[in-house]
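As the structure is a prediction and not an experimental result, all values here were calculated from the model.
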Amino acid sequence: MPLFTQNTAFSYKNSTPTILIPPSPFNLIFSLTCGQIFGWKQINQGFLGLIQNNPFFLEQKGDTLALLNLGGSPLEIDPLQKQLSHFFRWDDDLKKILRSWRKDPLLSKTAAHFPGLRLIRQDPWDCLVKFLLSICSNIPKIEKTLIRLSQGAESIISVPFQDPKTKRCFETQLPVIPSPSVIASIKEEKLRSTGMGFRASYLKECSKQILQGFPLNSLKQKSYSSAKKELMELPGIGEKVADCVLLFSLDHPEAFPVDVWMQKILERYYFHGKSKTPKYLSEWGRSHFGNFAGYVQQYLYHFSRSCLKS
DNA sequence: TCGCAGGGCGCCA
DNA sequence: TGGCGCCCTGCG
C-alpha cells in the first residue's frame, strides 16, 4: 500500500496556496530543472515533488512563491519558510557569488542565461541513492527505476492531481527512497529487477555499510577532502558521484563534479581544447573558482547541456 | 541488430 | 598513472 493517498483530486486552481517571498535572485524552474535533483514533476509552470518526504506543489509568480502543502498534516508558515529556505539554500548570498564572476566572460554569460538558479540542499541518503543510480544512465531511466524501487518497497506516495488547464485528473506517483535498512533487506535480484542492473550491488552494499555505522550525515562537519575520501570508500562512489553528494547534500559548496558535459565545456573554454582528465578538472575547478565552485559547476553544466549540444 | 551512454571497477602495461 | 573492457538497460 502507498504510504499516503489523497482522497480527492488536488486542484491547484481551487486551493489556497501559502505565499512565500523568496530572496532575489531566485528562479524555481532553473533550480529544479538544471539536473541537480530528480523526482520533481513539472505541471505547466509549477512543480510537484517531495521535501523531506512531504508532497508539495510549488509555483513561482514573479517575486513570490505559491506553495501548496499536499501532505496529511497542516504545516505552520514559519517552519515552512525555514524548510524552504534550507532546501533552496536561500541563506547563500547569490548576488555576491554572481558579482565575483564579473571578470570571467563565460561565467557572466551563464549567469545572464539562468538568473536565479540556486543549488538545492537535498537529503544525503536520498541524494546518494539517486546519484548511484545515475552512473552511466539518463534522467528518464533513473526516474523509472526510482518509481519501481519505491513501489517494491511500498514507499511510494500517490497524489491525485487535476490539471488546471485541461481539467483532466490523473494520479502522480512520487517515489520515496527506502531507508538503508529496507534496501539492505531486499535481495539483490529484486533490486536488479527494478532496472538498476549492476548498480544493485553498489546500492545494497552502501546500505549495509550505513547500517553498520558509516557516518554519512556527519560528513557535513568534516573538511571537503576528508569527507570525499571517506565517501569514496563506499562501493560505487567514485570522484564524480562523491562530488555530487558533497555538493548537493553535505554542505560542501566548494565541490566541483566533472562529468562529460563539464569536461567538454572546461576543455573548450579554459584549456584551448586540450584534453584533461575529470580528476584534474575537478581539482582545478575548486582551486580556480574557490569556496563556491559548486555554483560555477551548476551554471556551466546547465549551460553546456542547454546551449552546447551540437 | 547493434552501438551508445550524465561512471566505477579491476586488470594490465 | 592511464587505457581498456565489462557491467545492465533502454533507446535510436
Side-chain angles (χ1 to χ4, degrees), chain A residues 30-40 110 114 117 119-120 122 126-152 175 183 186-210 214 216 228-249 255-268 271 274-285 293-310:
Chain A
F30 292 147
S31 301
L32 288 176
T33 59
C34 64
Q36 63 178 317
I37 189 161
F38 306 105
W40 282 79
T110 63
F114 312 116
L117 190 166
L119 287 176
I120 289 176
Q122 304 175 41
D126 204 273
C127 186
L128 188 150
V129 171
K130 289 171 179 174
F131 281 94
L132 260 186
L133 297 183
S134 79
I135 298 173
C136 207
S137 191
N138 53 61
I139 292 171
K141 191 174 152 187
I142 297 163
E143 304 217 327
K144 272 184 198 167
T145 302
L146 289 172
I147 294 280
R148 290 190 202 127
L149 175 64
S150 59
Q151 276 172 337
I183 292 181
I186 300 173
K187 285 190 175 172
E188 193 177 314
E189 290 68 31
K190 195 178 171 189
L191 288 176
R192 281 177 180 266
S193 70
T194 63
M196 68 175 73
F198 64 89
R199 303 161 195 85
S201 59
Y202 297 157
L203 186 55
K204 192 166 167 79
E205 194 54 37
C206 282
S207 303
K208 280 186 191 168
Q209 292 202 26
I210 284 174
F214 181 87
L216 180 63
K228 184 170 178 179
K229 189 167 174 273
E230 284 194 44
L231 213 44
M232 286 177 64
E233 285 168 10
L234 292 173
I237 312 275
E239 290 276 342
K240 193 263 179 178
V241 175
D243 273 324
C244 287
V245 177
L246 289 167
L247 177 60
F248 302 134
S249 74
F256 195 78
V258 175
D259 67 345
V260 292
W261 292 97
M262 281 302 291
Q263 192 173 7
K264 195 193 295 185
I265 194 169
L266 291 172
E267 287 174 348
R268 178 165 163 183
F271 295 93
K274 272 191 172 178
S275 173
K276 298 284 172 189
T277 66
K279 185 176 165 64
Y280 174 88
L281 292 170
S282 174
E283 286 166 7
W284 174 85
Y295 271 95
V296 173
Q297 190 275 349
Q298 204 51 48
Y299 276 75
L300 285 181
Y301 174 75
H302 198 38
F303 182 78
S304 179
R305 296 200 62 217
S306 314
C307 310
L308 304 179
K309 283 200 168 176
S310 56

Rounded distance in Å - NZ (A:Lys144) to P (C:dG10): 7 Å

Listed partners of A:Thr145 passing side chain to side chain contact (heavy atoms under 4.5 Å, CB included), at least two apart: A:Leu133, A:Thr194, A:Met196

Approximate separation, where rounding is to 0.5 Å, of A:Glu267 CD and A:Ser275 OG: 5.0 Å

Gap between atoms CG and C1', on A:Asp259 and B:dA5 respectively (whole Å): 12 Å

Nucleotide-level pairing of DNA chain B, given in dot-bracket where Watson-Crick and G-U pairs need both distances under 3.5 Å and | marks other strands: .||||.|||||||

Whole-Å distance separating the CD1 atom of A:Ile142 from the C1' atom of B:dG7: 11 Å

C:dC8 OP1/OP2 closer than 4.0 Å to side-chain N/O of A:Arg192: yes

Rounded C1' spacing from B:dG6 to C:dG2 in Å: 22 Å

Pairwise P distance, B:dC4 and C:dC4 [rounded to whole Å]: 14 Å

Side-chain (A:Arg199) to main-chain (A:Cys136) donor-acceptor, under 3.5 angstrom: yes

Between protein and nucleic acid, restricted to nucleotides 2-6 of chain C and to nitrogen or oxygen atoms under 3.5 Å apart, what atom pairs and distances do you find?
none

Atom-to-atom span, CG of A:Asn138 to P of B:dG7 - whole angstrom: 11 Å

Test of ring centre spacing under 6.0 Å for A:Trp284 and A:Phe271: yes

Residue-level proximity of residues 33-40 of chain A to DNA chain B when a heavy atom falls under 4.0 Å: A:Gly35

More than 12 heavy atoms from other groups under 6.0 Å of NZ on A:Lys276: yes

B:dC4 phosphate, OP1 or OP2, under 4.0 Å from A:Lys141 side-chain N/O: no

Rounded distance [0.5 Å steps], CD1 in A:Ile37 versus CZ in A:Phe131: 8.5 Å

Contacts of A:Pro257 that satisfy side chain to side chain contact (heavy atoms under 4.5 Å, CB included) - sequence neighbours left out: A:Asp243, A:Cys244, A:Leu247, A:Gln297

Rounded interatomic separation in angstrom, taking CH2 from A:Trp261 and P from B:dG6: 7 Å

Contact letters for nucleotides 8-13 of chain B, in which S counts primed atoms plus P, OP1 and OP2 and B counts the base, heavy atoms under 4.0 Å: SS----

Separation of atom CG in A:Leu146 from atom C1' in C:dG10, rounded to whole Å: 16 Å

A:Asp259: side chain to side chain donor-acceptor pair (under 3.5 Å) partners, not counting sequence neighbours: none

A:Phe114 and A:His302 aromatic ring geometry - parallel, tilted or perpendicular at 30°/60° bounds: tilted

Under the side chain to side chain donor-acceptor pair (under 3.5 Å) test, residues paired with A:Thr110 that sit two or more places apart: none

Residues that A:Thr277 engages under side chain to side chain contact (heavy atoms under 4.5 Å, CB included), provided they are two or more places apart: A:Lys279, A:Tyr280

Those residues that, when tested against A:Tyr295, pass side chain to side chain donor-acceptor pair (under 3.5 Å) (two or more places apart): A:Asp92

Gap between atoms CG and P, on A:Leu132 and B:dG6 respectively (whole Å): 17 Å

Under the side chain to side chain donor-acceptor pair (under 3.5 Å) test, residues paired with A:Gln151 that sit two or more places apart: A:Gln173

Hey, can you pull the donor-acceptor pairs under 3.5 Å for the side chains in residues 229-236 of chain A, sequence neighbours left out?
unit_1, atom_1, unit_2, atom_2, d
A:Glu230, OE2, A:Lys222, NZ, 2.5

d(CD, A:Glu143; C1', B:dG6) in whole Å: 13 Å

N/O donor-acceptor pair, side chain A:Arg199 with base C:dC8, under 3.5 angstrom: yes

Distance between P atoms of C:dC11 and B:dG8 (Å, rounded): 23 Å

